[in-house]
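Okay, so here's the structure we're looking at.
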Amino acid sequence: MPRVGLSELFALGRVITNGQLLRYPRGAKGYTHRFETRLAEMTGASHVLTVNSGTNALITALAAAGIGPGDEVLVPAYTWMATAIAPLAVGAVPVLVDIDETLTMDPLDIERRLSPYTKAIIPVHMLNLVCNMDAIMEIARRNELIVIEDAAQAVGVSYKERRTGSIGHLGAYSFNHFKNITSGEGGAVLTSDRGYFERARMYHDPGSFMRGHGEASEPLFAGLNFRVSELTGAVLWAQLAKLDPFLRRLRRRHPIVARTFADLPNCRLSPHNDPENAVALSVIFDDPEEARVFGRTRGAERLLDTDRHVFVNWEAVLSKRAFHPKMNPHAWANREITYLPDDYARTLEILSRTCRVSLGAQYPLPVMQWQKRSLRNAASRAGAVGAAVPA
Ligand SMILES: *Cc1c(COP(=O)(O)O)cnc(C)c1O
């Protein structure tokens with residue numbers, strides 16, 4: 001992620017000097033508003049609403065789309081668990097879908113997991129790797145489903161000349177500490193649908209009707225408070241200027257690192273849904289043991305070992321418990337939803353053989369070249385280790 005530095009400090013200084021920490025300062029338009037306008041221009045989404053986390057961006061998007069009790073929402077079996085928790089927060093239940101080797105939702109498996117109660121799909125662009133959005137939007141169109149892109153891990157990334165978050169009916173970004181740009185915590189909802197935007201704004205701010213937004217065409221309902229302060233808006237405004245340079249840095253490094261793994265006998269690059277615009281990379285081994293060994297190298301990580309990103313480790317979701325038994329979405333579901341490892345063996349199998357590889361964007365090119373060589377050596381050494389393990 002880009003560094004936080006002087007430009008963030010300068011913007012924060014202006015907010016503090018001004019003394020107006022609410023994101024709706026009297027009179028002038030503040031940093032948060034400018035951030036939203038600029039992000040909308042960059043992504044092509046007509047409306048952007050900043051909220052205080054990526055999780056709340058997903059929840060707000062689901063609420064805006066009218067998803068609720070009795071509804072099923074498809075989420076991938078490999079994602080940060082917030083993707084599965086968001087449907088529960090609006091009373092719906094998550095139904096898991098296998099990933100394919102691109103590490104994103106397998107469109108063929110989406111078709112298999114559909115039920116008469118499916119209302120929405122949340123495809124997740126994991127690790128800056130984009131989903132097969134053409135196929136997903138087509139399935140959604142045929143089955144009248146709402147698509148909410150979880151682009152928390154791929155803020156600003158392009159898929160076939162369009163930006164993630166702007167392709168589905170709604171999109172969610174996260175700006176927490178680990179994402180492409182950061183304000184420590186933060187998120188955004190993107191949409192080009194005026195009605196969804198109005199409902200999102202109502203949901204994220206119980207006082208939205210008093211803020212001079214003008215008459216809304218959507219009927220008013222009681223929302224929560226997921227607003228950001230101008231402090232967050234100021235940091236995001238400064239960070240946004242660094243997003244495209246950061247993505248360009250990744251994109252320049254991609255072919256250099258990709259070539260490194262091109263001719264190794266024991267592993268290959270994972271397929272990518274838009275190879276021309278790739279800004280991230282993973283490699284897939286034939287043997288899980290080799291992936292495990294390679295995953296211990298600096299700059300690499302085996303995906304099966306990434307804890308709460310793998311559904312078998314989502315204890316809170318798997319328990320099907322809620323903070324109050326009468327507020328449990330599983331009690332409102334139209335059928336019993338299960339999360340058995342055997343039903344998603346394909347996801348586990350792919351994750352056991354796949355390693356994420358860092359493109360070394362934080363290093364200058366010569367250091368990154370050195371890292372690249374050490375990764376290549378580690379991958380071929382892993383081959384030797386793997387071969388030594390009896391089958
Ligand atoms: C980070 C993340 C979220 C949630 O974002 P927060 O800002 O941490 O709430 C949701 N989905 C995915 C895929 C993420 O990586």
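Every heavy atom of this structure was used, including side-chain atoms; hydrogens, water molecules and symmetry mates were not. If you read the sequence from its start, that first residue is 1, and numbering goes on from there. All ligand and atom numbering here is 1-based and tracks the order in the structure.
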TODO: Just let me know how A152 lines up against ligand 1, side chain, backbone, both or neither, with a heavy-atom cut-off below 4.0 Å.
DONE: side chain
TODO: Taking only Lys NZ, Arg NE, NH1 and NH2, and the carboxylate oxygens of Asp or Glu, determine whether E36 and K29 approach each other closer than 4.0 Å.
DONE: no
Task: ligand 1 N/O within reach of E185 N/O, cut-off under 3.5 Å - done: no
Task: same_hphob_cluster(V367, L281) at 4.5 Å side-chain heavy-atom cutoff - done: yes
Open item on the list: Suppose we measure from atom 11 (N) of ligand 1 to each protein heavy atom; which comes out shortest, and what is that distance?
Closed with: D150 OD2, 2.7 Å
Task: Partner set under side chain to side chain contact (heavy atoms under 4.5 Å, CB included) for R14, not counting sequence neighbours - done: F10, Y31
- [ ] Ignoring angles and geometry beyond distance, decide whether W80 reaches within less than 3.5 Å of ligand 1 through its nitrogen or oxygen atoms.
- [x] no
Open item on the list: Show the atoms of ligand 1 that are less than 4.0 angstrom away from any heavy atom in S53.
Closed with: 7 (O), 9 (O)
- [ ] Considering the heavy atoms of V124, write down every atom of ligand 1 situated less than 4.0 Å from one of them.
- [x] 13 (C)
Open item on the list: Are I256 and V279 linked, directly or through intermediate hydrophobic residues, by side-chain heavy-atom contacts shorter than 4.5 Å (ILVMFWY only)?
Closed with: yes
TODO: For A135, enumerate each residue passing the side chain to side chain contact (heavy atoms under 4.5 Å, CB included) test, keeping only those at least two apart in sequence or located in another chain.
DONE: P107, N132
Task: NZ/NE/NH1/NH2 to OD/OE distance under 4.0 Å, R201 and E218 - done: no
Open item on the list: Can you tell me which portion of T79 lies within the under-4.0 Å heavy-atom range of ligand 1? Options are side chain, backbone, both, or neither.
Closed with: side chain
- [ ] Give a yes/no on ligand 1: does K179 have at least one heavy atom closer than 4.0 angstrom to it?
- [x] yes
